[in-house]
Amino acid sequence: MDQFYDIAISGFLIGVLISAPMGPIGMLCIQRTINKGRWPAFVTGVGAALSDLIYCLLTGLGLSFVTDFIEANQGILQLLGSLAIAAYAFYLFKKSPAQPLKKKSGKPNNFVADFCTGFLFTFSNPLILFFIIGLFARFSFLQPEFQYYHYMVGYSGIILGALFWWYFITYSVNKVRARFNSHSIWILNRIIATVLFVMAAFGCYMSIKDLIAIHYA
């Protein structure tokens with residue numbers, strides 16, 4: 001029973017810690033909470049949580065194969081992910097904030113698109129595997145004495161921890177959403193777009209630098 005408790009707690013903490021860093025997906029969820037409301041942003045976080053879970057499963061089931069593939073293709077993968085973030089940053093910078101503040105029509109939110117965006121944004125950054133490997137080592141998540149049912153509990157803890165984080169962050173941001181008007185959302189969109197673009201530019205720079213170094217090695 002102690003083993004079940006330990007791996008459940010470890011999984012929950014890993015799920016929270018994977019989700020908590022305020023990277024592109026965190027920025028996206030904040031922006032969507034302000035512009036579209038809590039639930040579209042939460043569904044975006046659910047997509048990110050599923051992507052994180054897949055990477056956790058890949059780490060646990062094929063550690064050496066996955067890390068070898070990432071190391072061999074790190075520059076290309078980072079470049080593609082950075083370009084995707086840059087494209088969204090450009091879209092967000094140009095987006096008018098007036099429409100989300102208009103009175104809601106009968107048109108429902110496109111939760112499928114929100115989910116897919118969260119999933120693809122997170123999945124386009126496979127370098128998170130190295131962060132997951134570090135967390136798995138820190139919390140001793142992979143143990144030879146653990147059976148498949150222990151890992152079922154552990155991976156369930158990971159997804160619950162990630163969902164808890166996105167529920168918490170969207171709930172908290174939604175509490176202050178009413179204080180934002182059209183102008184403040186216009187400013188927020190551009191701040192977040194600028195931060196995303198800087199992240200993307202740095203990622204492109206690092207990936208191109210690595211590719212050049214490999215080419216001339």
Side-chain angles (χ1 to χ4, degrees), residues 6-29 32 41-88 112-144 146-170 196 199-200 202-204 206-207 210:
D6 290 343
I7 198 170
I9 295 299
S10 294
F12 184 86
L13 292 174
I14 288 171
V16 171
L17 292 172
I18 292 173
S19 305
M22 194 50 65
I25 189 63
M27 295 290 186
L28 176 61
C29 282
R32 281 195 171 159
F42 178 71
V43 171
T44 302
V46 173
L50 178 61
S51 177
D52 288 335
L53 179 63
I54 290 174
Y55 277 129
C56 286
L57 288 169
L58 288 174
T59 302
L61 298 177
L63 188 60
S64 60
F65 168 78
V66 172
T67 53
D68 289 346
F69 175 80
I70 297 300
E71 287 177 351
N73 300 278
Q74 178 174 337
I76 294 294
L77 292 171
Q78 187 174 9
L79 180 61
L80 292 175
S82 298
L83 290 175
I85 293 170
Y88 182 79
V112 173
D114 295 330
F115 176 88
C116 291
T117 306
F119 179 85
L120 292 174
F121 254 53
T122 308
F123 202 73
S124 67
N125 181 26
L127 300 182
I128 195 174
L129 278 168
F130 295 106
F131 183 43
I132 293 173
I133 292 169
L135 289 174
F136 275 21
R138 167 63 182 81
F139 289 97
S140 302
F141 191 79
L142 302 176
Q143 295 294 327
F146 286 166
Q147 303 297 321
Y148 73 91
Y149 41 82
H150 290 104
Y151 288 115
M152 289 178 65
V153 173
Y155 286 114
S156 297
I158 289 174
I159 192 69
L160 287 175
L163 292 177
F164 167 80
W165 173 258
W166 293 121
Y167 184 89
F168 168 77
I169 198 69
T170 54
L196 289 175
M199 290 179 178
F202 180 75
C204 287
M206 293 302 295
S207 58
D210 290 343

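Just so you know, these numbers come straight off a predicted model, no measurement behind them. Start at 1 with the first residue, then count along the sequence.
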Would you call [X] and [Y] a side-chain contact if the rule is heavy atoms closer than 4.5 Å?
X	Y	answer
Cys56	Ile18	yes
Val46	Leu163	yes
Phe119	Asp114	no
Phe115	Thr44	no
Arg138	Leu17	no

Rounded at 0.5 Å granularity, tell me how far [atom1] in [X] sits from [atom2] in [Y].
X	Y	atom1	atom2	answer
Leu53	Thr122	CG	OG1	12.0 Å
Phe12	Ser156	CZ	OG	13.0 Å
Ser19	Phe168	OG	CZ	13.0 Å
Thr59	Ile54	OG1	CD1	11.5 Å

Heavy-atom closest pair, residues [X] and [Y]:
X	Y	value
Ala41	Cys29	CB-O, 3.4 Å
Leu83	Cys204	CD2-SG, 4.0 Å
Leu28	Phe121	CD2-CD2, 4.3 Å

Practice problem: Show your reasoning for whether side chain to side chain contact (heavy atoms under 4.5 Å, CB included) applies to Ile158 and Asp52. | Solution: CA-CA 9 Å; Ile158 289 174; Asp52 288 335; 5.8 Å; no
Quiz item: Can you check whether Phe141 and Phe146 have ring centres sitting under 6.0 Å from each other?
Solution: no
Quiz item: ring pair (Phe, Tyr, Trp, His ring centres under 6.0 Å) between Tyr55 and Phe123: does it pass, once the steps are laid out?
Solution: CA-CA 8 Å; Tyr55 277 129; Phe123 202 73; 4.9 Å; yes
Self-check item: Full working for side chain to side chain contact (heavy atoms under 4.5 Å, CB included) between Arg32 and Thr117
Solution: CA-CA 11 Å; Arg32 281 195 171 159; Thr117 306; 3.4 Å; yes
Quiz item: Can you list the steps and then say if Phe136 with Phe131 is a side chain to side chain contact (heavy atoms under 4.5 Å, CB included)?
Solution: CA-CA 9 Å; Phe136 275 21; Phe131 183 43; over 6 Å; no
Quiz item: Can Tyr155 and Ile159 be said to form a side chain to side chain contact (heavy atoms under 4.5 Å, CB included), step by step?
Solution: CA-CA 6 Å; Tyr155 286 114; Ile159 192 69; over 6 Å; no
